[in-house]
Amino acid sequence: MAFVVIEGIDGSGKSTVISLLSKLLPRVYVTREPSASPIGRLIKEWALREGTADPRVDALLFAADRIEHYKREIEPRLREGYIVICERYVESSIAYQGAAGVPIEYIKFINSAVPKPDITVILDVDPEVAIARVKQRGTAEKYEQLSFLKRVRGIYLSRAAEEGYPVLDASRPAEEVAKEVARLIEKRLGSRESTS
Ligand SMILES: Nc1ncnc2c1ncn2[C@@H]1O[C@H](COP(=O)(O)OP(=O)(O)O)[C@@H](O)[C@H]1O
Ligand SMILES: Cc1cn([C@H]2C[C@H](O)[C@@H](COP(=O)(O)OP(=O)(O)O)O2)c(=O)[nH]c1=O
C-alpha cells in the first residue's frame, strides 16, 4: 500500500499530473482536499468564497475535513491495497494558512490526528506562470493572488528542505512531470518491497 500526496500552488499542475499518473500506475485511487465531505463542501461553498473571520478558522476546517477524509476514504482504500494519490494534504494547510499568518506549530498540532503520507511531492512553478494557467481555468478563488502565492511557494520550499520532500520543476510539460513522479513512486515502492 502507498499513500502519496501531490502538493503545489494553484495552477502548478497537480490535477493534470495526477490524472496522467493514474494511467501510468496500477490500482490507483485518486482523491483530493478539500474533500467531498460535508465539511469539504462547507469549505468550498463558504470559507473559500465569502471568507472566514480568521485564518485559524480555515486551518481548523481543513483539519476537520482531513480527519473525516482520511478515516472514511483514504484509510479504507489503503487497506484494500490501492496506491492512494491525494491532491493536497497537511502541507497545503502549513503553506496556505501559514502564509495567512497562522503559527505553523498550531497547524501541525491540529493535524496531528492524521498520519504522514508515504510520499509527498512538491510541484514547483513560478507563481506568475501558475496564475496565468489558472486564469485560463476561470474565476480565481480567495487564495489565488500573486503576492500571497509567492509566500505560499516559499513555505512549500522551506518545508521540502526541512522534510526532504522531492521538489519537481512543474514548468515542464505535464507528461514529463507525471513520468518523474511515477518513477519516484515505483522506486519508493520497490525499495519497500525489497526491505519487507
Ligand atoms: N505542465 C503544464 N504546462 C502547461 N499547462 C499546464 C501544465 N499543467 C497544467 N496545465 C494547465 O494549467 C491549468 C491548471 O492546471 P491544474 O492541473 O488544474 O493545476 P492545479 O490542480 O495545480 O491547480 C489547466 O488549464 C491545465 O491544463
Ligand atoms: C487542502 C487545503 C487547500 N487550501 C486552499 C488551496 C486552494 O486555493 C483552495 C482550493 O484548493 P484547490 O486545489 O484549488 O481545489 P479546487 O480546484 O476545488 O479549487 O484551498 C488551503 O488553504 N488549505 C488546505 O489545507
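Since the model is a prediction, treat every value here as computed from it, not as a measurement. For the numbers below, each heavy atom of this structure counts, side chains included, while hydrogens, waters and symmetry mates do not.
- Rounded to the nearest 0.5 angstrom, I185 CD1 and D118 CG are separated by 10.5 Å.
- Considering only heavy atoms from C-beta on, L189 comes within 4.5 Å of I83 through its side chain.
- Under the 4.5 Å side-chain criterion, counting only non-hydrogen atoms from C-beta, S92 is not in contact with F62.
- Taking V125 as the reference, I9, S12, V129, A130, R133, A170, S171 meet the side-chain contact (heavy atoms from CB on, under 4.5 Å) condition, with sequence neighbours excluded.
- With hydrogens and angles disregarded, a donor-acceptor distance shorter than 3.5 Å links the side chain of K14 to the backbone of G8.
- Annotation: side chain of L168 is not in contact with side chain of I122 (no heavy-atom distance under 4.5 Å).
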Could you give me the CA-CA distance, side-chain angles and deciding distance for K187 and R183, then say whether side chain to side chain contact (heavy atoms under 4.5 Å, CB included) is met?
-> CA-CA 6 Å; K187 199 166 124 216; R183 279 197 299 275; over 6 Å; no

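- Between Y96 and F148, the ring planes lie tilted relative to each other; the angle falls in the 30° to 60° range.
- Salt-bridge formation is detected for the pair D124/R153: a Lys NZ or Arg NE/NH1/NH2 atom is positioned less than 4.0 Å from an Asp or Glu carboxylate oxygen.
- Remark: R159 engages E91, I94, K108, I155, E162, E163, Y165 in a side-chain contact (heavy atoms from CB on, under 4.5 Å) (not counting sequence neighbours).
- Nearest heavy atoms, L78 versus A2: CD2-O, 3.4 Å.
- Scored by the side-chain contact (heavy atoms from CB on, under 4.5 Å) test, A36 finds no partners at all (sequence neighbours excluded).
- Between the K44 side chain and the G40 main chain, no donor and acceptor come within less than 3.5 Å of each other.
- For R151, the side-chain hydrogen bond (donor to acceptor under 3.5 Å, both in side chains) test picks out no residue, with sequence neighbours left out.
- At a threshold of 4.5 Å between non-hydrogen side-chain atoms, the residues L184 and I119 do not count as touching.
- Among residues two or more places apart in sequence or in another chain, the side-chain contact (heavy atoms from CB on, under 4.5 Å) test is passed with Y106 by R56, L60, V102, P103, I110.
- When all heavy atoms are compared, the tightest approach of V114 to I67 is CG1-CA, 3.9 Å.
- Once rounded to the nearest 0.5 Å, the distance linking CG of L61 with CG of D58 reads 6.5 Å.
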For V84 and V4, what are the C-alpha separation, side-chain angles and deciding distance, and is it a side chain to side chain contact (heavy atoms under 4.5 Å, CB included)?
-> CA-CA 6 Å; V84 174; V4 179; over 6 Å; no

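- Taking the ring-ring contact (aromatic ring centres under 6.0 Å, His included) definition, one finds that Y89 meets it with F3, sequence neighbours left out.
- Among residues two or more places apart in sequence or in another chain, the side-chain hydrogen bond (donor to acceptor under 3.5 Å, both in side chains) test is passed with E68 by R72.
- At least one side-chain heavy atom of I6 sits under 4.5 Å from a side-chain heavy atom of V181.
- Checking Y29 against S22 by side-chain atom types alone, no donor-acceptor pair falls below 3.5 Å.
- In this view, E80 and R77 satisfy the side-chain hydrogen bond (donor to acceptor under 3.5 Å, both in side chains) rule, not counting sequence neighbours.
- Across all their heavy atoms, A160 and V167 have their closest contact at CB-CG2, 3.4 Å.
- The list of side-chain hydrogen bond (donor to acceptor under 3.5 Å, both in side chains) pairs with a residue in residues 172-181, not counting sequence neighbours, reads R172-E180.
- One finds the OG1 atom of T52 at 7.0 Å from the CG atom of D54 (value rounded to the nearest 0.5 Å).
- Residues L20 and V177 do not share a hydrophobic cluster, clusters being chains of Ile/Leu/Val/Met/Phe/Trp/Tyr side chains in contact below 4.5 Å.
- In this structure, V121 and E7 have side chains that are not in contact, with every pair of non-hydrogen atoms separated by 4.5 Å or more.
- Considering only residues two or more places apart in sequence or on other chains, Y70 meets the side-chain hydrogen bond (donor to acceptor under 3.5 Å, both in side chains) condition with none of them.
- Taking all atoms of both residues into account, the shortest heavy-atom contact from I107 to G98 is CD1-N, 3.5 Å.
- Sequence neighbours left out, the pairs with a member in residues 31-40 that pass side-chain hydrogen bond (donor to acceptor under 3.5 Å, both in side chains) are T31-H69, T31-E73, E33-R66, E33-H69, S35-S37, S35-D65, S37-D65.
- When all heavy atoms are compared, the tightest approach of V17 to A174 is CG2-O, 4.1 Å.
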